[in-house]
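Some notes on the structure that comes next.
In this text, all values refer to a predicted model and were calculated from it rather than measured experimentally.
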Amino acid sequence: MSNEVKMFTVNIDGKEFQAPAGTMLIEVADREGITIPRFCYHDKLSIAASCRMCLVDVERMPKPAPACATPIMDGMIVRTRNEKARAAQKAIMEFLLINHPLDCPICDQGGECELQDFSAEYGQNRSLYIEEKRHVEKINIGPLVETFMNRCIQCTRCVRFGDEIAGMRELGGVDRGDRLEITTYIKHALVSEVSGNIIDICPVGALTAKPSKYGARPWEYMNHDSISMHDGLGTNTEIHTLRGKVARVVSRRNDEINEPWISDRDRFSYEALSSDDRAAHPLLDNGQGELVKSSWDDALKATKLLIEGAIEKYGADQVGIFVSPMATLEEMQLVKELQAGLGIKNVDYRFTQRDFSGERAEPTFRALGLSIPEVNELDSVLLVGADPRMEVPVLAIRLRDAVKKGAKVSFLGSYSADQLHPFHAEIIAHPFDWVSELAAVVAKVANMKGESVRTELISVINSDSINEDAVISIAEQFLKGEREWIVLGHDAISHPQFATIRALSAELARLTGAKLGYFTPGSNSSGAALTALTTEGSNSATMLASPLKAYLLVGAIDPESDFVESKLALDALQTAEAVVAITPFASETLKSVANVILPGAAWTETSGSYVNLEGTLQTLQAASLPHGEARPIWKILRVLGNHFEIDGFDYISSDELLTKWKAENGAKLVENQNKVSGVSFDYRALKKEGLLAVPTTSLYSTDAYVRRGVALQKTPLAKRARIAFNNANDESAVMPLLNSENTFLSRVSEKVAEGCVRIPTEYAGTTKFYQSIKGAN
């Protein structure tokens, strides 16, 4: 049977075009640059054909036909601008404007409104409708999206987006005819992590951004291309500034990465740029344990004295550098040159990792293992300690699309996280059982294929599992699929047996032909790995477990929140003799441990480059002016290099740094990042004893910017002082370990693995995660 696509020829406005059979008229017109007005049609949503604005004249059809819902036929003749088509389009426009309010002068959508644009071309200069317009009660759907439903034209784009893209139908139509309203069925705030996209796709001013409401007119903004800082996907965004300050962030379409979608944290985290704890000027210890305002010259001299003093007194091995995974390639390049010039070997960016025993077996950097568009076409996926919705929300959209096409997704973790699509199989296990469960899957696959596992893994391979049915389902799933993917997420990377989990996942990938990928934190973990910041010296876990005498923090780092063991991080920094922070934020916690704070520019205030999890390098320019006396971090590092009298710190622009970075590391970008050779690991059995404290981090607590997003912190997905158990009798054993100033809610949930208690990292107090809580029943 031939798979050849049948091509049809269609004539549009006197010109002939070819397109595959089944293509809609509007798709051919868009491809060829022929303008057809529309409101309900969106190329990423299903066809509703409800607005009828795209009516065109099709020869031999008695009435105008909607271009969005009319498939082409061979030899079809279409006219989009003749008298018949124009009359139909004008009639529809008059109908749509019957109840539309005349509030364009105060509407945030004014100036970028599709209804305005098309009414100027297809509307009339006066209305024949003199009756009273209908009025719709205003609804409150949360802190992110403002509603003016009097302006709604019932195109249902927002409804279809929630149902088909976001995975939850939070908006819908109620009533009929002229009483039809788009609203929530039950009064509540939107809870989707990508809900803000309805602002972009709304063709009128019915749905607008609440944080930037009435801020400016669209033509007053300066537009700047940018990318997201919050995950490794490299989501493309557009920053709009007003008089040098960021006013809002919107989506920038890139079908190879994020399509037209961005997550809510990408859209609204810009509010952190005006937070009260922005570092506005250098701060210097006055000798009495207080940080006071200082000049740049004095602060830089003090930095030199502190770092050089620690090196001379204790040696370079007693100095460590922590680099934010959101730092730019240019900043990382300078950190590498600075550490080389000073002889410092201890540098790391992996703040959420505990087990580093298998480093030598890993690929150059932790990538997705496949291209981003390939996710939509997968047949089989295994999520190991990975939560796409919370870690890479925009990629979760692609994964749901794959499920709709028939992909099977399975999950291994200690908590059943709702991905808004069904799981083929699910293993909810105590974290200390992950190795045995994953080993059982590997053993089952090897047995079914009649192959043997690597010698190095024989000591951990077993066929015993308390989830036998799920193990068999996962094994069969991977043996039947062709395009397969295994993903290690945050909970796997922060697991105390990560090296063993990675080795078993790599072996499963080898046996099944699957790709192995990772979800890493921050926008530039891949860039940090390619820069080889961690090739020598101690890793982050060692630098905290065995505190050093001096630390340099580079980037937006919160010691209390960014490290998987915040207690160890704070203790190490408090006992150090010298702590210097180059940061956009001067939190009270950071002030309590730092001797010098150098104010660095935030992500919108500096030029720089990033490498996403696919290996794509993207460069952006500064969109706004630095806050106060803050300076781009790469410039601060360059000047520090001059103060330390290190050769080569004479860069004039970030472009020079990027050119040097490419010369040293560019070849690594094209290497195969899906290596499964090398299974080096240090397997240490972990004993289950009492309750296990398992960390959980909310979507809006992941980095310094989202934690300062005022609107984001008011959403249902923001951090909450809530702990979850599988057994209600465990609460008394946990409460004494939590911060006493917080009032906690406890929740009994079968989604939590037995023997575990999930505790929010930001409220954990003295709790050491993945350690047994003594005294539990």
Side-chain angles (χ1 to χ4, degrees), residues 38-48 50-51 100 107-110 112-116 136-174 180-213 218 228 235-238 240 248-253 258-270 389 393-394 396-398 400-401 420 699-700 709 711-712 714-717:
R38 83 292 303 274
F39 292 115
C40 68
Y41 175 77
H42 191 285
D43 65 327
K44 292 295 180 181
L45 303 175
S46 62
I47 295 171
S50 59
C51 75
H100 199 80
C107 178
D108 273 341
Q109 195 82 351
E112 54 187 7
C113 175
E114 294 176 47
L115 189 66
Q116 274 187 336
V136 179
E137 183 180 352
K138 187 179 180 66
I139 59 173
N140 182 6
I141 56 175
L144 305 182
V145 181
E146 184 65 278
T147 62
F148 296 92
M149 302 314 289
N150 281 326
R151 303 170 185 163
C152 179
I153 59 172
Q154 290 88 44
C155 70
T156 69
R157 282 187 184 179
C158 57
V159 177
R160 284 174 286 146
F161 170 81
D163 193 27
E164 300 164 13
I165 306 298
M168 54 176 69
R169 189 168 183 171
E170 298 181 282
L171 296 172
V174 297
L180 175 63
E181 287 185 42
I182 303 299
T183 183
T184 55
Y185 296 115
I186 302 173
K187 291 184 179 181
H188 65 77
L190 300 181
V191 297
S192 170
E193 67 279 5
V194 291
S195 63
N197 287 291
I198 62 177
I199 298 168
D200 291 336
I201 64 175
C202 181
V204 296
L207 302 171
T208 58
K210 187 173 284 188
S212 59
K213 183 173 65 172
S228 165
T235 299
N236 286 207
T237 62
E238 192 172 270
H240 293 175
R248 64 176 183 178
V249 176
V250 300
S251 171
R252 178 163 60 96
R253 184 162 186 160
N258 55 289
E259 300 175 301
W261 319 122
I262 62 175
S263 69
D264 289 349
R265 65 183 181 185
D266 301 334
R267 186 182 302 273
F268 296 109
S269 61
Y270 71 87
R389 279 188 64 199
V394 177
I397 292 174
R398 290 185 180 271
R400 282 193 289 273
D401 183 56
L420 304 177
L699 178 63
Y700 301 138
L712 292 174
K714 296 177 182 177
T715 64
L717 289 175

Please walk me through it: do Ile165 and Asp401 pass side-chain contact (heavy atoms from CB on, under 4.5 Å)?
CA-CA 8 Å; Ile165 306 298; Asp401 183 56; over 6 Å; no

Is there a donor-acceptor pair closer than 3.5 Å between any side-chain N or O of Glu146 and the backbone N or O of Lys213?
no

The side chain to side chain contact (heavy atoms under 4.5 Å, CB included) partners of Cys158 (sequence neighbours excluded) come to Leu171, Ile182, Ile198, Leu207

Any non-hydrogen side-chain atom of Arg265 less than 4.5 Å from a side-chain atom of Pro393?
yes

Give a yes or no answer on whether the side chain of Arg248 reaches the backbone of Ser212 with a donor-acceptor pair at less than 3.5 Å.
no

What do the steps show when you test Glu170 against Ser192 for side-chain hydrogen bond (donor to acceptor under 3.5 Å, both in side chains), and what is the final call?
CA-CA 8 Å; Glu170 298 181 282; Ser192 170; 4.5 Å; no

On a heavy-atom basis, the closest approach of Thr715 and Pro143 is CG2-CG, 3.6 Å

Should Glu259 and Val394 count as side-chain neighbours, where that means a heavy-atom distance under 4.5 Å?
no

Going by heavy atoms in the side chains, are Gln109 and Val204 under 4.5 Å from each other?
no

Should the heavy atoms of other residues, nucleotides or ligands under 6.0 Å from NZ of Lys138 be counted, would the total exceed 12?
yes

Would a 4.5 Å heavy-atom cut-off, applied to side chains only, mark His42 and Pro260 as touching?
yes

When you measure from the side chain of His100 to the backbone N and O of Arg151, does any donor-acceptor pair fall under 3.5 Å?
yes

Classify the side-chain pair Thr156/Arg160 by whether it contains a donor and acceptor separated by less than 3.5 Å.
yes

On a heavy-atom basis, which atom in Gly142 and which in Lys210 lie closest, and how many Å separate them?
O-NZ, 2.8 Å

Shortest non-hydrogen contact from Glu114 toward Arg38:
OE1-O, 3.6 Å

Which atom of Ala166 lies closest to which atom of Val194, heavy atoms considered:
CB-CG2, 3.8 Å

Taking only residues two or more places apart in sequence or in another chain, which ones pass ring-ring contact (aromatic ring centres under 6.0 Å, His included) with Phe39?
Phe118

Any carboxylate oxygen within less than 4.0 angstrom of a Lys/Arg side-chain nitrogen, looking at Asp43 and Arg253?
yes

Pair Thr235-Asn258, side-chain donor/acceptor within less than 3.5 Å
no

Below 4.5 Å, heavy atoms only, C-beta onward: do Ile262 and Asn236 meet side chain to side chain?
no

Listed once per pair and sorted, the ring pair (Phe, Tyr, Trp, His ring centres under 6.0 Å) pairs that draw on residues 137-171, sequence neighbours left out:
Phe161-Trp261

Hey, what do you get for OG1 (Thr184) to CZ (Arg169), rounding to the nearest 0.5 Å?
13.0 Å

